[in-house]
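A quick write-up on the structure given underneath.
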Amino acid sequence: MTATLETALLSTADTAVELTAVRKVFGHGSSAVVALDGVDLKVKPGEFVCLLGASGCGKSTLLNIVAGLDAATSGSLQLNTSRPAVMFQEPALMPWLTAARNVELALRFAGVGRLARKRRALELLELVRLGDVADKRPHELSGGMRQRVALARALASTTVSADGAPALLLMDEPFAALDAITRDVLQSELLRVWETTNTAIIFVTHDVREAVRLGQRVVLLSSRPGRVVREWDVKDSSDQVLDEINTHLREVISGHAS
Ligand SMILES: Nc1ncnc2c1ncn2[C@@H]1O[C@H](COP(=O)(O)OP(=O)(O)OP(=O)(O)O)[C@@H](O)[C@H]1O
C-alpha cells in the first residue's frame, strides 16, 4: 500500500495541528488491523486537548503519527509547530546521568551550546520544582520526580526548537503508572506548567476525570478503528459533563456510538 501522508507547514497561525481523513492500517491481507479510519482533528496553538477512548482504539497510534514516530497509511497531517516532544508512561531517563544532564541531553541534540543548555536545564527543572535535586540520578528520585524530569526534558526539546512556532507536547498516559496522590499533584503541576509555557498539548488518557480536569477540550475516539465521535468544550466543566462523557465512553466501549 502506498502511503499518501503529506506533512506540511500550515500557513494559518490559528492551527497548530491538523489531521484530515487519517487512516492507519497495520499489516496486510487477512491479518491487517485498521487502527484508525477517517480521523479529523484540529488543535490550536497553546490548546490543551485530551484524547479519550477505550483500550486499543488507536490513541497511541494517533499520537505516534503526530509525533512523526509512525506514518499514516493515508490522509494528511499538517503541523505549524516546533518539533513535537513526546512523553510516555515510563520516563525513560538515562540512569547514569543526573536529572540536569538528562534535560541537557535534549538541548544538546537540539544544538544548544554548553553554557546555554546548563542554564536552560536548571530553569526547566525549577519550573517543575526540581531545582534542588538537579544533581541526583534517576534511582535517587521518586517515580513522580522522575516523571517531572521527563516533563522538563520534553519541554526542553519542544521549546528550544520553537523558533517562533508554537510548541507542541504529546503525552501518552504519562501519569498512569503513578499512585493516585502523586498523579493528582502532577496533574496540577502540568496545568501550571502549561499556563506558564503556552505549549499546545495532546494528552492521551482513558480516565474521564483526568481528561476533564486537564483539557480545555475532550475528544472521544470510537472503538477500533478509531475516529472522532464527539468533542466537549470542558473549560468550565461540571459533574453533568463528566457524566455525559462517561455515558458516551461506555457506549463506544460497547460499540453503540453514533
Ligand atoms: N505495530 C503494530 N502492529 C500491529 N498492530 C498494531 C501495532 N500498533 C498498534 N497496533 C494495533 O492497533 C490498535 C490500536 O493500538 P493503540 O496502541 O494505538 O491503541 P490505544 O488506544 O493506545 O490502546 P491503549 O489505551 O490500550 O494503550 C490495536 O488493536 C493494536 O493492537
Side-chain angles (χ1 to χ4, degrees), residues 1-5 7 17-41 43 48-77 79 84-92 143 147 150-151 154 168-180 183 186-187 190 200-215 217-232 242 245-257:
M1 201 172 296
T2 312
T4 56
L5 186 87
T7 306
V17 181
E18 184 167 4
L19 294 141
T20 310
V22 165
R23 179 176 164 85
K24 176 68 183 179
V25 183
F26 290 108
H28 301 279
S30 58
S31 61
V33 172
V34 183
L36 299 170
D37 196 15
V39 175
D40 295 321
L41 180 67
V43 178
F48 198 140
V49 173
C50 288
L51 270 188
L52 189 68
S55 183
C57 75
K59 302 182 294 297
S60 299
T61 302
L62 189 56
L63 213 69
N64 288 343
I65 290 170
V66 178
L69 299 173
D70 203 348
T73 307
S74 61
S76 76
L77 163 68
L79 289 182
V86 196
M87 199 177 149
F88 299 101
Q89 206 175 102
E90 292 301 322
Q147 261 321 39
L151 176 58
L168 176 63
L169 178 56
L170 306 170
M171 309 184 85
D172 196 349
E173 303 197 50
F175 307 143
L178 302 173
D179 64 85
R183 193 180 317 137
L186 284 221
Q187 286 171 349
L190 176 61
I201 298 180
I202 304 180
F203 188 105
V204 161
T205 180
H206 50 246
D207 179 340
V208 177
R209 202 167 280 279
E210 180 172 63
V212 169
R213 176 174 183 194
L214 293 177
R217 188 152 57 99
V218 173
V219 173
L220 178 66
L221 293 185
S222 62
S223 292
R224 209 186 74 209
R227 69 185 162 85
V228 175
V229 284
R230 191 79 195 244
E231 298 190 13
W232 289 265
L242 197 77
I245 299 175
N246 263 316
T247 304
H248 279 80
L249 179 61
R250 275 197 293 273
E251 278 176 10
V252 297
I253 290 171
S254 58
H256 298 300

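When reading the values below, keep in mind they use all heavy atoms of this one structure, side chains included, and skip hydrogens, waters and symmetry mates. For ligands, and for the atoms within them, numbers begin at 1 and follow the listed sequence.
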Exercise. Is there a protein heavy atom less than 4.0 Å away from atom 31 (O) of ligand 1?
Worked result: no
For this session: Classify the angle between the aromatic ring planes of His248 and Trp232 as parallel (below 30°), tilted (30 to 60°) or perpendicular (above 60°).
Result: perpendicular
Seminar exercise, completed: The closest protein heavy-atom partner of atom 24 (P) of ligand 1 is Gly56 N, 3.6 Å
Exercise. Do side-chain atoms of Ser222 reach the backbone of Pro225 as a donor and acceptor pair under 3.5 angstrom?
Worked result: yes
Exercise. Can you tell me how far the CD atom of Glu231 sits from the CG atom of Leu51, to the nearest 0.5 Å?
Worked result: 9.5 Å
Exercise. Does Gly215 offer a backbone N or O that forms a donor-acceptor pair with the side chain of Glu210 under 3.5 Å?
Worked result: no
For this session: Considering only non-hydrogen protein atoms, determine which one is nearest to atom 17 (O) of ligand 1 and report residue, atom name and distance to 0.1 Å.
Result: Ser60 CB, 3.8 Å
Problem set entry | Identity and separation of the nearest protein heavy atom to atom 26 (O) of ligand 1 | Ser55 OG, 2.6 Å
Exercise. Tell me: protein heavy atom nearest atom 29 (O) of ligand 1, and distance?
Worked result: Arg224 NH1, 3.0 Å
Exercise. Quick one: does Thr73's side chain have a donor or acceptor within less than 3.5 Å of a partner on Val25's backbone?
Worked result: yes
Exercise. Are any of the N or O atoms of Cys57 closer than 3.5 Å to those of ligand 1?
Worked result: yes
Exercise. For atom 9 (C) of ligand 1, is the nearest protein heavy atom under 4.0 Å away?
Worked result: yes
For this session: Report the nearest protein non-hydrogen atom to atom 15 (O) of ligand 1: residue, atom name, distance rounded to 0.1 Å.
Result: Thr61 OG1, 3.7 Å
For this session: List every atom of ligand 1 that sits less than 4.0 Å from any heavy atom of Ala54, numbering the atoms from 1 in the order shown and giving each element.
Result: 21 (O)
Problem set entry | atom 25 (O) of ligand 1: nearest protein contact (heavy atom, Å) | Lys59 NZ, 2.8 Å
Problem set entry | Stepwise side-chain contact (heavy atoms from CB on, under 4.5 Å) check, Leu52 with Val219 | CA-CA 6 Å; Leu52 189 68; Val219 173; over 6 Å; no
For this session: For a side-chain contact (heavy atoms from CB on, under 4.5 Å) with Ile201, tell me which candidate from Val49, Leu170, Leu190, Leu168 qualifies.
Result: Leu190
For this session: For atom 27 (O) of ligand 1, find the nearest protein heavy atom and state the residue, atom name and distance (0.1 Å precision).
Result: Glu173 OE2, 3.9 Å
Problem set entry | Rounded distance [0.5 Å steps], CG in Leu249 versus SG in Cys57 | 9.0 Å
Exercise. Does Asp37 use its side chain to pair, donor to acceptor, with the backbone of Arg23 at less than 3.5 Å?
Worked result: no
Problem set entry | Any N/O pair Gly58/ligand 1 closer than 3.5 Å | yes
Exercise. Among all protein non-hydrogen atoms, which one is nearest to atom 6 (C) of ligand 1, and what is the separation to 0.1 Å?
Worked result: Phe26 CD1, 3.3 Å
